[in-house]
Asker: 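Quick one: the structure is below, questions incoming.
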Amino acid sequence: MLYGTFHKSSCPVARYRAFKVALVISLVFSILAIPGASGLPRKVPDYLAVHETDEPLIPSKPPMVRHDVLELKIRLRDLNLYSGPIDEVYDPLCVSSVKEFQRRNWLDPTGVVDRNTWKALAAGIKAPPVQARAPFREGEISLYIDTERLELTVLIDGQPWKTYPVAVGRWNSMTPVGEWKVVDKGYETGGAYGTRWMALDVPWGGYGIHGTNRPWSIGSYASLGCVRMFNEHIEEIFDMIPIGTRVKIVGLRPPLRFEGPLRPGAVGPEVVRLQEVLREFGFDPGPLDGRYGPMTEAQIRDVRSLFGLSWGGGADGDLYVLIGVES
Amino acid sequence: MGKAVYFLTSRARGGGMRFGLGILLAVTLLMSTCFGCSGRLPEKSEGPVPALPPGEELVVWDMKQPHFPGSRPYEEEVQRVCEEFQKKTGIPVKLVFVSRWELPDALLKAKRESKLPDVLFSGEFPCLTGLERDLAGLLNSGQYQEAAIAAWTRGGRIVGIPSAVLWLGIAARKDALNSQQPGQSGDLGIDPSTVTGLLRSLAVLPTSEAFMEIATRDLSGRYRSPREIASFVSWIKMNVPQFPAESCLERFKRGEVWGIYGATPYSFKWLRISSEPGSSGQPVLGPLVFQGGDVGFRFTVPGYVILSGSEAKMKASAELGKLLAENHGRWGARALGLIPARIEDLPIFTLESGFTREERSCLLRSLGTTATGPSPQGQGAGRGNAPANAAPDDLFTRYKRLEQLAGVLSSYFSGDLTDDELVEEIARVLEGNTNR
């Protein structure tokens with residue numbers, strides 16, 4: 001009908017209007033065709049949006065200092081456009097390299113690093129194909145992320161199915177080790193969070209698994225704690241991961257401080273370590289979720305009682321010594 | 001191949017050897033029939049395990065135990081026992097590990113929903129529920145240490161299967177001991193005759209559950225009155241000079257604390273494995289000293305209680321309970337130095353507990369001369385013997401009372417309470433005003 005209208009009409013304005021209507025209708029259909037899109041938020045929620053930003057990098061005096069400058073400089077260096085220090089300062093040398101890159105790529109040579117510039121920087125980088133270790137089958141899906149190996153493995157009923165390369169947190173913003181759950185998920189439009197994101201229930205900070213517009217960072221310690229994947233990879237697994245999926249993260253962790261006592265209600269990486277050591281010690285505090293809740297408290301009370309420590313002391317120096325957590 | 005042929009030929013030739021091998025084979029067969037392929041001792045079942053209706057299962061609630069280097073994880077052992085039982089009898093077993101601190105809630109909930117477990121491990125400081133089945137006809141009490149079976153006997157009823165005897169004593173550094181017993185290396189354990197002199201070198205954690213157990217019952221297991229508890233606590237305050245609020249274990253290792261009054265097998269084992277073998281920081285085990293010069297260990301007897309409803313289920317549960325108790329006793333002897341409740345398993349304690357001969361004999365002598373008495377099952381400490389119909393609610397009461405008692409003792413040791421106030425406060429806690 002629209003097609004007929006488009007061709008039958010001799011008026012160019014009417015033809016243009018019909019074209020616009022057709023375009024809008026096809027756009028609506030293409031959005032609805034994304035599985036589950038209608039029931040999920042599109043944007044990354046505020047609690048997760050604390051790490052990455054789509055705000056452009058702008059040449060200024062004093063220069064901007066931001067974590068993504070480091071990744072920018074690494075990419076420009078790889079493209080033989082930059083040979084200065086690799087740091088987080090958007091200094092004049094880096095600005096001129098960006099301008100040169102923009103000139104070569106038919107972009108406005110403003111030195112402003114916006115979404116188009118990031119997109120151009122990523123051009124030519126393809127996600128490597130990932131082979132399944134076993135045929136896909138129905139079963140409980142969980143994720144296993146090893147921050148030392150920089151890998152995310154999809155498990156079906158505890159058995160590895162596919163392993164994807166990822167980027168994880170830098171040395172000063174490490175990805176939180178523990179046992180988490182996917183608590184939210186949604187779509188993005190290809191900026192710093194790529195095309196898909198999933199939020200984890202880490203009780204401190206905002207951490208998640210998402211795509212990226214800096215695919216050259218995959219396979220390195222680049223993020224502020226989130227797990228980055230190639231957009232193609234996260235799109236591949238996105239629909240099979242329901243909210244509530246368990247995510248186990250193992251590997252590197254920051255130095256922990258067990259100086260003061262921990263009490264019920266405490267959260268943090270120290271609590272994760274405490275729970276982990278309790279488990280190694282033979283007690284089950286539940287998931288290593290970094291929350292000092294009733295299950296952790298019950299196990300600590302059991303240990304205190306068996307080992308003759310003071311009643312109701314919670315996690316303190318005696319317990320740290322006993323179960324052997326770092327002090 | 002040639003060697004094999006030669007062997008067969010030479011064996012065939014020797015009639016005497018063939019006869020000998022035959023005997024050996026017969027003996028081996030006989031032994032494997034008696035002891036099973038795993039070399040385990042025969043199960044002494046008092047009767048066949050009855051079949052249960054289809055769909056019925058036995059539910060076991062056990063408790064997790066710490067992992068110690070060199071001993072198998074306890075939960076794996078329990079799992080193995082349950083699997084073997086299931087394989088042998090065809091009765092499905094559901095194993096659940098419950099924390100001691102979650103037990104009161106879990107038991108109350110299970111009772112409300114009529115989903116009580118069939119077999120329940122009653123921990124190191126046992127608490128009964130008043131719902132235990134009488135096992136007198138199902139248990140051969142002659143197989144168990146007298147003191148262990150006595151701890152689970154109420155008015156002629158055997159209300160639990162004892163698994164091990166858990167002791168509370170003194171852990172002292174060897175160097176502290178040498179200062180008290182010159183000329184001794186410390187390998188001999190603490191000589192009960194000199195242990196009184198050691199008191200002034202010791203530390204006590206007055207708000208630990210172990211100490212509160214010692215304070216609320218005397219050496220024979222009898223519950224003390226509030227005045228007696230106060231008197232004992234006051235005596236401890238005068239004679240044991242250090243009351244470290246925390247870091248007691250670390251201070252023991254550093255030599256700032258020379259010994260701990262009220263060491264449990266767990267803390268003792270930890271101190272032993274975390275100090276250099278042969279060093280002066282190695283702990284030596286000794287008995288507790290009480291007012292009036294009484295010396296001995298305080299004992300409690302963990303075990304398994306059977307809560308099954310039907311007769312058939314009870315019998316099956318009792319059989320499983322016996323296996324679990326045997327397993328706990330053996331594991332406890334190896335991992336912690338507990339005394340197994342089964343007499344037959346005592347050699348494990350002798351050979352694998354890690355104690356010196358003197359330490360072992362001191363423990364066993366004390367067990368022989370000290371009645372463990374009825375355990376403080378489900379009742380408030382210091383209130384006399386447990387009523388036979390104690391309800392699970394008493395577990396709450398017990399924990400609440402212990403918590404309040406800890407507060408009272410803490411105030412007393414920090415000087416906030418006088419001796420008279422101590423008696424009043426203890427009486428208030430033990431007489432059931434738990435809502436203060």
Side-chain angles (χ1 to χ4, degrees), chain A residues 158 179 256-266 270-289 291-327, chain B residues 63-68 71 73-75 97-103 105 123-125 166 168 171 204-214 243-253 260-271 274 335-336 399 402-407 409-410:
Chain A
E179 293 171 358
L256 302 174
R257 290 180 177 277
F258 287 93
E259 286 166 347
L262 290 168
R263 293 282 180 262
E270 283 81 10
V271 179
V272 174
R273 181 66 187 144
L274 183 68
Q275 293 171 324
E276 188 177 44
V277 176
L278 277 170
R279 192 186 278 178
E280 286 164 12
F281 203 54
F283 295 86
D284 182 13
L288 311 182
D289 61 2
R291 295 172 175 84
Y292 190 142
M295 280 179 84
T296 305
E297 172 69 353
Q299 302 302 318
I300 286 173
R301 281 186 160 225
D302 275 4
V303 174
R304 295 193 71 90
S305 170
L306 293 176
F307 285 84
L309 303 183
S310 303
W311 184 275
D316 60 9
D318 265 339
L319 191 94
Y320 300 152
V321 169
L322 189 69
I323 63 178
V325 292
E326 305 85 347
S327 53
Chain B
M63 285 183 198
K64 292 225 170 189
Q65 297 283 349
H67 292 173
F68 287 109
S71 43
Y74 177 69
E75 62 267 28
F97 287 99
V98 185
S99 151
R100 293 177 72 229
W101 294 94
E102 291 165 335
L103 189 62
D105 277 326
E124 283 66 23
F125 304 107
L166 186 147
L168 299 171
V204 62
L205 284 164
T207 60
S208 68
E209 194 177 348
F211 179 75
M212 286 189 276
E213 279 289 323
I214 295 165
F243 324 111
E246 61 173 78
S247 304
C248 194
L249 298 173
E250 188 63 12
R251 289 169 67 181
F252 181 99
K253 283 175 71 182
I260 297 173
Y261 185 98
T264 70
Y266 296 86
S267 55
F268 186 80
K269 174 79 177 192
W270 185 87
L271 288 169
S274 61
L336 290 166
Y399 285 162
L402 282 177
E403 192 167 7
Q404 291 183 347
L405 191 60
L409 295 186
S410 179

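These figures come from a predicted structure and were not determined experimentally. Naming: A, B, ... by sequence-line order, numbering from 1 per chain.
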Asker: Could you tell me which portion of A:Leu322 (side chain, backbone, both or neither) has an atom closer than 4.5 angstrom to a non-hydrogen atom of chain B?
Answerer: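 For A:Leu322, the contact with chain B is made by backbone and side chain together.
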Asker: Report yes if some heavy atom in the side chain of B:Thr264 is under 4.5 Å from a heavy atom in the side chain of B:Glu213; otherwise report no.
Answerer: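 Contact flag for B:Thr264/B:Glu213 side chains = no.
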Asker: Among B:His67, B:Glu403, B:Lys269, B:Lys64, which has the most heavy-atom pairs under 4.5 Å with chain A?
Answerer: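 Ranked by heavy-atom pairs under 4.5 Å with chain A, first place is B:His67.
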Asker: Sequence neighbours excluded, which residues qualify as salt bridge (charged side-chain N to carboxylate O under 4.0 Å, His left out) partners of A:Glu297?
Answerer: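 Per chain and number, A:Glu297 pairs via salt bridge (charged side-chain N to carboxylate O under 4.0 Å, His left out) with A:Arg301.
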Asker: Less than 4.5 Å to any heavy atom of chain A: does that hold for the side chain of B:Phe211, its backbone, both, or neither?
Answerer: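 Neither part; nothing is under 4.5 Å.
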Asker: Are B:Tyr74 and B:Phe68 near enough that their ring centres are under 6.0 Å apart?
Answerer: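 B:Tyr74 vs B:Phe68: aromatic centres not under 6.0 Å.
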Asker: Looking just at side-chain N and O atoms, do A:Gln275 and A:Tyr292 make a donor-acceptor pair shorter than 3.5 Å?
Answerer: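 Per modelled atom types, A:Gln275 and A:Tyr292 side chains form no pair under 3.5 Å.
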Asker: Highest number of heavy-atom pairs under 4.5 Å with chain A: which of B:Pro265, B:Ser208, B:Pro206, B:Pro73?
Answerer: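 That would be B:Ser208.
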